[in-house]
Novice: 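Here it is: the structure, laid out below.
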Amino acid sequence: MVIFMLSTPLIAFSQRTITGVVQDADTGETLIGVNILIKNTELGTITDFDGVYSIDVPKESTTLVFSYVGYSDQEYILDASDVVNIKMSSGEVLEEVVVIGYGIIKREDATGSLQSVSAKDFNRGFITGPQQLLAGKIAGVSINTEGGPGSGSKIRIRGESSIGASNDPLIIIDGVPMDNTDISGSRNPLNLVNPNDIESMTVLKDASASAIYGNRASGGVILITTKKGKLGDATRINYNGSISSGSLIKKIDVLGADEYRAVLKEQFEEGHPALGLTGEADTDWQDEIYNSAFGQDHNLSASGGIGRLPYRVSLGYSDKDGLLKTDNFNRLTASINLTPSFLDNRLQVKFHGKVMRIQNDFANRDAIGAAMGFDPTQSVFDPNSVYGGYTTWIIANNGNPNTLAPSNPVALLDLKDDRSSVNRYLTNASVDYRFAFLPELRANLNLAYDLTNAEGNVSIPTTAAFSFDDLNGGGVNNVYTQKKENTLLEFYLNYKKELGKNVIDLMGGYSWQHFKLGNTFKDSDVAGTPSETREGADPAEYYLLSLFGRLNYSFDDTYLFTFTLRRDGTSRFSPESRWGVFPAAALAVKLINNDNHYLNNLKVRAGWGITGQQDIDDYYAYLARYQTSFNNARYQFGNTFYNTIRPNGYDASIKWEETTTYNLGLDFSIIKNRLSATLDVYQRDTRDLLNNIPVPAGTNLSNFITTNVGDMVNKGFEVSLNATPVLKEKMSWNFAVNFAYNKAEITKLLATDDPTYQGVLTGGIAGGVGSNIQIHSVGYAPSSFYVFEQLYDDDGNILEGEFADRNGDGVITEDDKYRFNAPNADYIIGLTSSFNYDNFTFSFAGRANLGNYVYNNIQTDQGYYDRLYGTTNVLWNINQSAIDNNVQNNTNLTFSDHFVQAASFFKLDHITVAYDLSKVLGHGVNVFATVQNPVIITQYEGLDPEIGNGIDNNIYPRARTFLFGVNANFTATKKKK
Amino acid sequence: MFQYIYTKGIPFFALVFLTFSCFNDLDTIPIDEDIVTAGTVYNDPAAYKAVLAKLYAGLALTGQEGPSGQADISGIDEGFGQYTRGYFHIQELTTEEAIVGWNDQTIKDFHNQSWASGDGFVFAFYSRVFYQVALCNEYIRETADEKLDNRGVDEALRNEVRGFRAEARFLRALSYWHALDVFRNVPFVTEADKVGAFFPEQIQAADLFDYIESELLDIENKIASVRTNEYARADQGAVWMLLAKLYLNAKQYTGTEKYAESLTYCQKIIDAGYILEPEYRKLFLADNDHNDEIIFPIAFDGVNTRTWGGMTFLIRAAIGGEMNPTDSGVSGGWGGIRTTRQLVEKFPTDLGGLVIAPNEGQTGQYPKIYVPGEYQGWDASNTETSLSSVNSDQIYEGYKYFPTDNSKFIFTKFPTFSLSYGDNNADGTLEINGDTIVTDAAGIYYLKVDFNDNTYVMERQEWSIIGTATAGDDLAMSWDEEAGAMAVTANLSAGLIKFRANNDWTINLGDNDGDAILTQDGADIIIEKPSTYRILLFLDKPDYTYQVNNTSFDSRAMFFTAGQNLDIEDVTLFTDGYAVQKFRNVTSDGAPGSDTDFPDTDFPMFRLADVYLMASEAIVREGGNMEQAVEYFNEVRRRAYNGGGGDITVAELDLDLLIDERARELYWESHRRTDLVRFGKFSDTDYLWAWKGGVKEGAAVGSYRDIFPIPSADISANPNLKQNDGY
């Protein structure tokens with residue numbers, strides 16, 4: 001295996017001596033026996049037992065090449081310094097090589113827009129889902145993670161290209177495309193993968209890169225590769241652990257008890273019943289429902305090679321509380337990766353096994369809204385309350401809980417027991433065989449089985465006022481299960497041949513995927529009253545079949561051409577329309593290729609491709625179906641109740657939604673690759689949008705149907721910059737910035753052309769059942785806010801209930817609403833930097849969104865005086881904005897553009913300080929401290945400006961978390977050379 | 001190079017593409033046993049009735065789960081999209097009969113008469129109507145003879161299915177009538193059109209009228225004979241009723257009057273054996289499926305037929321303020337719909353027969369002592385059983401009713417036993433912790449305690465009313481436990497009364513200021529008109545008060561007034577405007593329905609009293625036998641007044657009386673907008689009501705608002721549609 005290179009001094013005309021140390025980039029461990037070669041010569045040396053080398057270099061030589069088994073080759077362009085310390089990165093997938101669909105490619109040979117992030121650049125902090133590792137790292141990728149422990153994230157790559165279908169990217173873990181639908185009882189389907197096991201993540205942004213995954217790639221593709229053992233490696237044990245504590249950053253500004261009493265006195269005349277309802281207490285309900293969130297995280301892994309069997313096994317344990325009391329996330333993960341090779345490496349086998357067990361305690365999130373509304377002068381407990389001892393608003397004349405009053409927030413938390421346990425097993429094995437008689441040809445077979453078993457139950461005792469039912473007994477006793485079985489079979493052949501300066505790489509394959517879902521539920525009250533018990537099961541399945549091929553052709557390592565073609569079939573559509581063809585092509589030219597001191601690389605790229613979308617809720621959208629009703633939906637004939645059978649609406653001709661992407665890109669690096677940048681400009685045209693629109697009345701068996709109607713376009717550009725301003729032996733500094741602009745516009749919504757069509761309302765809000773604040777309209781961004789234009793007095797105060805008569809007809813009607821901004825940011829900026837001095841490392845990562853707007857539903861739903869006293873003898877707390885804006889009536893707020901508020905922000909996601917104890921302890925031990933979410937800069941008045949759908953209504957607050965951890969590596973034996 | 005790709009590449013791709021051909025996997029069918037495909041659903045003969053049940057359920061339910069889930073239509077909150085709830089929005093909220101102050105979307109626009117073509121609620125109702133049409137069309141297609149032939153349906157089932165099919169055609173005609181009445185020129189789809197993407201033509205109102213008429217006439221003898229079908233299924237009676245309604249309003253639809261035809265079908269119904277339910281209130285209770293008046297109901301059930309619209313809405317949205325939800329058989333109210341002064345004023349002023357309401361006076365402010373005893377369970381903490389000191393002079397007085405002979409009691413200064421007074425030796429003087437005091441025979445006792453000298457007086461009395469209204473007789477009063485008062489029910493002539501004790505004027509009470517506060521030797525109380533009255537006398541504590549109820553009153557005025565203002569200052573406040581307690585989820589004997597969230601009460605869409613009033617109106621309009629018209633009218637009045645107290649004469653019967661009588665009889669039953677339009681009193685007219693046109697005093701709006709706009713969503717979806725004028 002190991003090639004020996006003798007250090008052979010040659011003819012000594014003008015030359016110099018370069019010395020340095022080679023270390024493992026992750027562990028800091030010095031590496032013994034690393035090959036160092038002067039590029040384009042046969043001159044070289046190897047490092048000694050301390051990882052030190054020394055080499056004489058001819059003056060005209062410019063580049064050293066470092067190579068080491070199990071590590072990526074690294075080239076270093078020499079400068080004036082005679083000391084060159086190198087950190088080599090382990091693993092096959094790093095800067096140099098990136099994973100693409102059905103293969104890997106050298107980064108510099110990529111023709112599409114793709115970017116990858118490796119483990120050392122991941123975000124830090126208490127991270128339970130892989131998505132969060134990427135936040136802010138990649139231009140044009142927005143990752144919005146919710147506040148609860150173990151929560152999932154909404155990922156958007158280059159905005160949203162669909163309205164009625166999914167905008168989520170396809171996520172592929174070790175070659176297995178995941179089912180990205182939610183799992184019952186789980187906060188994040190990707191919790192399956194322990195972030196500590198991840199080696200790298202690659203994002204395929206444009207269609208020329210992602211079209212090879214045509215059928216599910218419209219939202220982009222994220223490829224996750226987990227860590228593996230290396231052949232010949234010594235056994236390495238890694239422990240990575242942390243403890244953390246999170247706390248609330250900000251509270252919603254509601255009235256305190258004294259302030260509240262004062263406002264009541266001011267609002268109501270003496271003798272008004274409202275004044276008699278206050279209590280004596282001073283309760284901050286937000287203090288009552290939130291607490292510090294403790295967390296601990298432990299990961300243990302062992303990797304290495306046993307004989308010819310490289311392996312890595314890992315165990316992970318996370319336990320994290322939520323800010324909301326009673327919220328807890330507990331996860332156990334285990335993974336095993338085996339990557340043996342046989343037949344002189346002609347047969348390579350990869351086996352990946354992942355197991356996850358999650359136990360969730362879900363806090364009752366209704367408590368968040370209730371805490372905003374509950375009278376602060378009431379105490380939490382009331383000794384006379386028959387409802388578990390919690391202070392409860394009751395109806396005076398029958399003693400029952402008042403259903404129109406806020407529930408006691410603490411009772412909501414304490415009395416609802418909502419827990420789940422989710423087990424998920426993902427195994428996949430791939431076999432890659434290179435034919436002996438035709439070494440250019442290899443065959444790859446990939447099989448995967450993804451099994452999820454989830455179960456959960458929700459129980460609420462009969463004493464809970466919020467689940468009261470004097471007739472049937474009340475309480476809740478719900479049990480649910482979910483079983484998901486996803487199976488994958490993929491096979492492809494790959495043929496790669498060099499013919500002089502021509503390199504041809506042909507790949508063709510077949511993919512078969514089956515998704516099967518089985519839900520069961522039994523909802524009941526505690527007494528198990530038959531009329532209150534509902535049971536059901538709704539199994540469903542769908543298949544995706546694909547044929548795909550790709551041609552990569554390069555000439556002279558300068559001109560690179562890619563063509564891919566994928567033909568996809570889905571069982572969701574009818575035999576006539578179920579097949580879609582998704583082609584893509586790209587051309588790249590390396591104008592400058594590793595050969596200049598200052599402008600080191602320059603590559604231009606142009607790509608075009610079409611991707612498809614079929615991911616809608618309905619698994620049988622084209623099929624005429626009849627559906628039997630539940631027992632609570634029967635109809636009486638005579639004295640018998642009949643379960644009804646309903647013909648469902650359907651669209652027999654539903655077909656693929658298609659997104660065409662055009663991408664122009666430029667990659668360059670200068671100053672010895674110390675500064676590299678990528679620029680992309682793109683346009684994405686989506687047509688035949690899978691969209692839920694009104695059908696002509698009477699023509700279908702529903703009033704809305706999901707069908708292919710509408711077009712939209714996304715345009716944008718992206719810039720990524722990586723720089724290493726300082727790189728010295730004891731000190732280095734690097735930073736990365738990315739910047740993305742995206743503008744989305746709906747260009748067509750109807751089968752007919754009706755310029756007066758206002759669009760489809762969306763974005764449900766609190767403050768009126770069924771009220772929507774957003775609209776999809778032609779000529780505007782999706783989900784634009786649809787509001788009245790507020791009028792103000794000369795001092796800039798709201799004129800309550802007065803809006804601009806925009807159509808000038810003298811009255812204010814629905815027709816005076818207009819489209820005012822949209823929730824998605826125009827600009828997304830990411831910023832990462834790390835500074836290293838000797839054993840210290842200081843790093844941070846931050847993000848900014850500019851031009852995003854949020855509808856402050858808290859202020860519109862809670863910020864008006866009339867809320868103080870309902871007509872049912874109940875008091876409600878109000879938001880401070882009622883006083884600031886001096887607003888009396890809810891009706892006057894709900895659709896005012898005043899509450900569509902600018903929510904641009906800058907957030908530091910984390911600041912980390914790490915100290916390397918290797919020199920002290922002799923092993924690779926790193927201790928670190930992280931503050932997650934330390935800084936938020938925004939003009940937005942609400943709790944948090946980062947709100948995915950742009951509607952701020954009782955969101956789960958994100959914690960500020962302090963975390964201390966240790967990362968320790970132990971190598972069993974020194975590596976044998 | 002390209003040669004190379006051509007010779008090696010293409011075959012290579014071809015190989016890969018051809019190798020795998022197990023594409024049949026894509027032909028999946030649902031694996032959920034609740035779902036069957038259209039091709040196989042009728043393999044089960046029971047499906048014919050089950051799908052028919054869905055056509056009816058489309059009028060009651062919103063989806064297949066109940067109360068929500070697997071919704072039939074979307075784009076709206078599921079409960080809002082329920083058929084009869086949407087119909088109520090259109091027919092009632094737009095009129096003087098109902099107003100709502102919720103902040104839900106544009107719901108206030110109905111009463112303001114300011115709805116626009118983009119209105120979500122209007123679109124929801126329109127969608128419901130055409131959903132029904134589409135469901136019925138699908139059923140009519142699937143029950144065609146050739147389909148039945150192909151499935152080999154046997155003759156017995158085939159006969160049954162023919163009836164089902166006629167009912168489906170009735171339900172389609174019903175929804176088309178709603179479409180005609182509310183929207184006029186609408187898209188027209190029949191069983192001849194298949195499900196799929198096409199643009200239906202717009203039919204003109206007169207043509208739609210003809211179509212509905214022809215359908216109804218065709219099924220008149222194919223559907224079950226009158227009063228023979230299972231409960232809640234349409235029969236000949238429902239067909240006749242729809243014809244009668246169609247003809248009565250024909251002038252609005254076609255410009256041609258058809259009152260004679262309307263009268264013909266009204267009389268068919270009247271002759272068919274339907275009977276007015278003797279008690280009006282029972283038509284709207286949880287057991288209203290057991291009466292002979294309702295011609296066509298929409299059935300609801302607390303367990304089996306659950307929705308957030310329908311009767312759940314109609315009952316719960318009407319409850320708020322001080323109303324006790326339990327009285328209506330539900331767990332809580334939604335504080336929504338009330339009514340305006342204009343409906344209330346259509347009824348005689350003695351709402352519920354109340355001629356004189358009691359007045360508690362200053363009683364609450366007088367110093368009190370307490371009287372625990374056997375009669376009230378020795379409950380010292382009961383502050384209701386007290387005596388008051390009107391002059392704060394340590395002299396306390398009042399009356400207590402002792403239901404048994406030799407009943408024991410004591411006096412306490414506080415609502416505890418800590419400082420109690422009894423009477424040792426029964427000598428009329430009080431001692432601290434003295435012996436219990438014992439009454440003589442059961443009855444009402446006057447009690448007076450003087451703590452200046454620790455004495456007391458206890459005197460049993462007989463109370464009566466007397467005066468010119470009683471022809472000078474003493475009419476004895478007896479104890480009414482529920483009211484907590486002495487009471488008497490009597491036929492009085494117009495005249496005067498007073499209350500007196502022991503058939504003697506020594507103790508007598510009259511009302512000086514007409515404020516229901518009684519004083520010794522007070523003025524005579526005036527009884528204005530002869531009738532049967534129930535009179536209550538509240539003697540428990542001073543200030544003494546009384547109540548006079550006329551037992552012959554319009555029993556249809558079911559308003560809840562306590563804590564409610566008659567006038568509406570603030571539309572958003574439930575307490576502005578009288579509440580309506582017409583529909584309730586309790587049975588006629590007071591038991592709650594089968595569930596406290598979802599009522600059992602059925603919605604009486606068509607009922608006999610409406611037919612009497614329609615017949616009366618048709619005669620008045622057409623000219624004819626006015627005695628007959630009055631007789632029909634008085635049928636309805638006699639039930640309302642529990643006798644002839646409300647009868648009218650030929651001279652009194654005119655259209656103004658008829659439109660008001662329709663309000664009194666049918667309010668909140670979703671007839672009102674159609675009625676007001678027919679009488680020319682809906683939009684551009686001087687008949688105003690509170691907040692009509694968005695103005696407190698009421699304001700007229702353009703006459704184009706007699707019908708609703710075609711929803712803009714359908715105008716956009718279907719280029720064949722032309723919007724109604726004015727919108």
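All values derive from a computational prediction rather than experimental measurement. So you know, we letter chains A, B, ... as the sequences are listed, proteins then strands, and number each from 1.
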Novice: Please state whether the side chain, the backbone, both or neither of B/Ala124 comes within less than 4.5 Å of a heavy atom of chain A.
Specialist: neither
Novice: Using heavy-atom distances under 4.5 Å, tell me whether B/Val189 contacts chain A through its side chain, its backbone, both, or neither.
Specialist: side chain
Novice: Answer whether the closest heavy-atom distance between the side chains of B/Tyr131 and A/Asn703 falls below 4.5 Å.
Specialist: no
Novice: List the steps and the verdict of side chain to side chain contact (heavy atoms under 4.5 Å, CB included) for A/Asn890 and B/Thr572.
Specialist: CA-CA 9 Å; A/Asn890 187 9; B/Thr572 65; over 6 Å; no
Novice: Can you tell me if B/Lys49 has over 12 outside heavy atoms packed within less than 6.0 Å of its NZ?
Specialist: yes
Novice: What part of B/Pro187 is in contact with chain A, defined as an atom under 4.5 angstrom from a non-hydrogen atom: side chain, backbone, both or neither?
Specialist: side chain
Novice: Among B/Asp595, B/Val133, B/Thr106, who wins on heavy-atom pairs under 4.5 Å with chain A?
Specialist: B/Asp595
Novice: Could you tell me if B/Glu142 and A/Tyr626 have a donor-acceptor pair between their side chains, going purely by distance under 3.5 Å?
Specialist: no
Novice: Which heavy atom in B/Gln70 sits nearest to a heavy atom in A/Phe630, and how many Å separate them?
Specialist: NE2-CE1, 3.4 Å
Novice: Would you mind checking which part of A/Arg578 comes under 4.5 Å of any heavy atom in chain B, side chain (CB onward), backbone (N, CA, C, O), both or neither?
Specialist: side chain
Novice: Under a 4.5 Å heavy-atom cut-off, does chain A meet the side chain of B/Ile710, its backbone, both or neither?
Specialist: neither
Novice: Going by heavy atoms in the side chains, are A/Pro694 and B/Asp714 under 4.5 Å from each other?
Specialist: no
Novice: Is B/Ile715 close to chain A through its backbone or its side chain, or both, or neither, when contacts mean heavy atoms under 4.5 Å?
Specialist: both
Novice: Report yes if the side chains of B/Ile31 and A/Tyr620 come closer than 4.5 Å at any heavy-atom pair, otherwise no.
Specialist: yes
Novice: Side chains of A/Thr894 and B/Asn103: do they bring a donor and an acceptor to under 3.5 Å?
Specialist: yes
Novice: Could you check which of A/Phe555, A/Tyr650, A/Tyr642, A/Phe573 has the highest count of heavy-atom pairs closer than 4.5 Å to chain B?
Specialist: A/Tyr642
Novice: If you count heavy-atom pairs under 4.5 Å with chain A, which of B/Val51, B/Val186, B/Asp570 comes out on top?
Specialist: B/Val51
Novice: Mind ranking A/Leu544, A/Val695, A/Thr644 by heavy-atom pairs under 4.5 Å with chain B and telling me who comes out on top?
Specialist: A/Thr644
Novice: Do you know the tightest heavy-atom contact between A/Pro575 and B/Asp27?
Specialist: CG-OD1, 4.0 Å
Novice: Tell me, for A/Arg534 versus chain B, whether the close heavy atoms (under 4.5 Å) come from the side chain, the backbone, both or neither.
Specialist: side chain
Novice: What part of A/Glu814 lies closer than 4.5 angstrom to a heavy atom of chain B: side chain, backbone, both or neither?
Specialist: side chain
Novice: Can you tell which part of A/Ser653 gets under 4.5 Å to a heavy atom of chain B, answering side chain, backbone, both or neither?
Specialist: neither
Novice: Among B/Lys194, B/Lys54, B/Glu33, which residue forms the greatest number of heavy-atom pairs with chain A at distances under 4.5 Å?
Specialist: B/Lys54
Novice: Which atoms of A/Asn889 are under 4.5 Å from chain B, going by heavy atoms: the side chain, the backbone, both sets, or neither?
Specialist: side chain
Novice: Taking side chain as everything from C-beta outward and backbone as N, CA, C, O, which of these in A/Asn631 sits under 4.5 Å from a heavy atom of chain B? Side chain, backbone, both or neither.
Specialist: backbone
Novice: Between B/Asp301, B/Val129, B/Asn324, which residue shows the highest count of heavy-atom pairs closer than 4.5 Å to chain A?
Specialist: B/Asn324
Novice: Side chain, backbone, both or neither: which part of A/Ala697 has an atom under 4.5 Å from a heavy atom of chain B?
Specialist: both
Novice: With a 4.5 angstrom heavy-atom cut-off, which part of B/Phe123 approaches chain A: side chain, backbone, both or neither?
Specialist: side chain
Novice: For chain B, which of A/Gly759, A/Gly649, A/Ala624 has the most heavy-atom pairs under 4.5 Å?
Specialist: A/Ala624
Novice: Contact part of B/Asn112 toward chain A, heavy-atom cut-off under 4.5 Å: side chain, backbone, both or neither?
Specialist: neither
Novice: Which heavy atom in A/Ser571 sits nearest to a heavy atom in B/Thr28, and how many Å separate them?
Specialist: CB-OG1, 3.6 Å
Novice: If we only count heavy atoms from C-beta on, is the B/Leu52 to A/Phe637 side-chain gap below 4.5 Å?
Specialist: yes
Novice: Please flag which part of B/Leu59 lies under 4.5 Å from any non-hydrogen atom of chain A: side chain, backbone, both or neither.
Specialist: neither
Novice: Check whether B/Tyr42 gets within reach of chain A through its side chain, its backbone, both or neither, counting any heavy atom under 4.5 Å.
Specialist: side chain
Novice: Is there a side-chain contact between A/Asp538 and B/Asp34 in this structure, where contact means two heavy atoms from C-beta onward sitting under 4.5 Å apart?
Specialist: no
Novice: Heavy-atom distance under 4.5 Å to chain B: side chain of A/Asn692, backbone, both or neither?
Specialist: side chain
Novice: Please tell me if the side chains of B/Arg306 and A/Ser531 come closer than 4.5 Å, counting only heavy atoms from C-beta onward.
Specialist: yes
Novice: Is the number of heavy atoms from other residues, nucleotides or ligands under 6.0 Å of A/Asp809 CG greater than 12?
Specialist: yes
Novice: Checking A/Leu701 against chain B: side chain, backbone, both or neither under 4.5 Å from a heavy atom?
Specialist: both
Novice: Counting only heavy atoms closer than 4.5 Å, note whether B/Tyr126 contacts chain A via side chain, backbone, both or neither.
Specialist: side chain
Novice: Can you say whether A/Gln627 sits under 4.5 Å from chain B via the side chain, the backbone, both, or neither, judging by heavy atoms?
Specialist: both
Novice: Among B/Val41, B/Asn720, B/Asp597, B/Asp327, which has the most heavy-atom pairs under 4.5 Å with chain A?
Specialist: B/Val41
Novice: Output the option from A/Thr403, A/Leu471, A/Thr707, A/Thr762 having the highest count of non-hydrogen pairs under 4.5 Å with chain B.
Specialist: A/Leu471
Novice: So do B/Pro200 and A/Thr699 actually touch side chain to side chain, heavy atoms under 4.5 Å?
Specialist: yes
Novice: For each of B/Ala71, B/Pro67, B/Gly118, B/Ala197, tally heavy-atom pairs with chain A at distances under 4.5 Å, and name the one with the top tally.
Specialist: B/Ala71
Novice: As an exercise: rank A/Arg646, A/Gln636, A/Gln758 by heavy-atom pairs under 4.5 Å with chain B and give me the winner.
Specialist: A/Arg646
Novice: If I measure from the heavy atoms of chain B, does A/Tyr757 come under 4.5 Å with its side chain, its backbone, both, or neither?
Specialist: both
Novice: Only pairs of heavy atoms separated by less than 4.5 Å count here; which of A/Pro401, A/Ala652, A/Ala540 has the most with chain B?
Specialist: A/Ala540
Novice: Quick check on B/Ile76 against chain A: is it the side chain, the backbone, both or neither that has a heavy atom closer than 4.5 Å?
Specialist: neither
Novice: Does A/Ile395 reach the side chain of B/Thr326, with side-chain heavy atoms less than 4.5 Å apart?
Specialist: no
Novice: Please report the closest heavy-atom contact between B/Phe199 and A/Pro696, naming both atoms and the distance.
Specialist: CD2-CG, 3.9 Å
Novice: Less than 4.5 Å to any heavy atom of chain A: does that hold for the side chain of B/Ser594, its backbone, both, or neither?
Specialist: backbone
Novice: Testing the basics here: between B/Ile29 and A/Leu623, what is the closest heavy-atom pair and its distance to 0.1 Å?
Specialist: CA-CD2, 4.5 Å
Novice: How close do A/Phe704 and B/Ser74 get, counting heavy atoms only, and between which atoms?
Specialist: CB-OG, 3.2 Å
Novice: Identify which part of B/Glu138 has an atom lying under 4.5 Å from any heavy atom of chain A, answering side chain, backbone, both or neither.
Specialist: side chain
Novice: Measure B/Asp193 against the heavy atoms of chain A and call it side chain, backbone, both or neither at under 4.5 Å.
Specialist: neither
